[in-house]
Student: 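There's a structure below that I have some questions on.
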Amino acid sequence: VTPVPVARLFVSALRDLVTQRGKPRWESVLAADSADAAPTAQVGFGQLVDPAWGRIGAHGPAQPGAVLLHDATPLARYPGGMELLARLASDARQADEKPHGLWLLCPMEDPRHPALLDGHIVGALGDGEQIVVRPKTLSGTERRAS
């Protein structure tokens, strides 16, 4: 299993795009990623998001074996992310496509509810594709040592 830090890949792809294009300044990108940003700044930010997902989809999780997507909030927060997740999940279900297994870490308070990322239901999961992994219960000795 190869861990894939989605947020880090997303930010890296955005930075690479800004560097290659020579504009906008990175500070402008950060400022545009806000509900309070000017509409033109938000549009400009949106024009970076699609190619960033394209880069991640082409190079990120195309690992041999299974991948574990973690820190995956950007998938739900930015347009195109959930579509990428759905495509990766579909590919993982096909024996001849990479990845050959896909795990998505979604911390949650109540495992009886659907998996969420950034408050959005992860619709890419099929029936029986969600499991609950409970934190390891520490013994008294381990508790004292930590």
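Numbering of residues begins at 1 and proceeds along the displayed sequence.
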Student: Looking only at atom types and distance, does a side-chain atom of Trp103 sit under 3.5 Å from a main-chain N or O of Pro3, one as donor and one as acceptor?
Tutor: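 The answer is no, because no donor-acceptor pair under 3.5 Å joins these two groups.
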Student: Sequence neighbours left out, what passes side-chain contact (heavy atoms from CB on, under 4.5 Å) with Val1? Give chain and number order.
Tutor: Ala66, Leu68
Student: Please assess Val122 against Cys106 for the test side-chain contact (heavy atoms from CB on, under 4.5 Å), listing each intermediate value before the final yes or no.
Tutor: CA-CA 9 Å; Val122 180; Cys106 296; 4.0 Å; yes
Student: Can you list everything that forms a salt bridge (Lys or Arg N to Asp or Glu O under 4.0 Å) with Arg87? Sequence neighbours excluded, please.
Tutor: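 Residues passing salt bridge (Lys or Arg N to Asp or Glu O under 4.0 Å) with Arg87: Asp91.
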Student: Listed by chain and number, what are the side chain to side chain donor-acceptor pair (under 3.5 Å) partners of Asp71, not counting sequence neighbours?
Tutor: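 Asp71 satisfies side chain to side chain donor-acceptor pair (under 3.5 Å) with no other residue.
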Student: Atom CE of Met82 and atom CG of Leu117: how far apart are they, to the nearest 0.5 Å?
Tutor: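 Those atoms lie 5.5 Å apart.
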Student: Please set out all donor-acceptor pairs under 3.5 angstrom arising from side-chain atoms of residues 30-51, sequence neighbours excluded.
Tutor:
residue	atom	partner	partner atom	Å
Asp33	OD1	Tyr78	OH	3.2
Asp33	OD2	Tyr78	OH	2.6
Ser34	OG	Asp36	N	3.1
Gln42	NE2	Ser34	O	2.9
Gln42	NE2	Ala35	O	3.2
Gln42	NE2	Ala37	O	3.2

Student: For a quick test of reading the model, state the closest non-hydrogen atom pair linking Ala7 to Pro74 and the distance between them.
Tutor: CA-CG, 3.7 Å
Student: What's the spacing between Leu69 CG and Leu85 CG if we round to 0.5 Å?
Tutor: 6.5 Å
Student: Just list the side-chain donor-acceptor pairs under 3.5 Å for residues 10-29, sequence neighbours left out, or say none.
Tutor:
residue	atom	partner	partner atom	Å
Thr19	OG1	Arg15	O	3.0
Gln20	OE1	Arg55	NH2	2.4

Student: Can you name the residues that form a side-chain contact (heavy atoms from CB on, under 4.5 Å) with Pro5, not counting sequence neighbours?
Tutor: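 For Pro5, the residues satisfying side-chain contact (heavy atoms from CB on, under 4.5 Å) (neighbours in sequence not counted) are Arg8, His70.
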Student: Distance check, rounded to the nearest 0.5 Å: Leu84 atom CG versus Ile56 atom CD1?
Tutor: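 Taking CG in Leu84 and CD1 in Ile56, the distance rounds to 7.0 Å.
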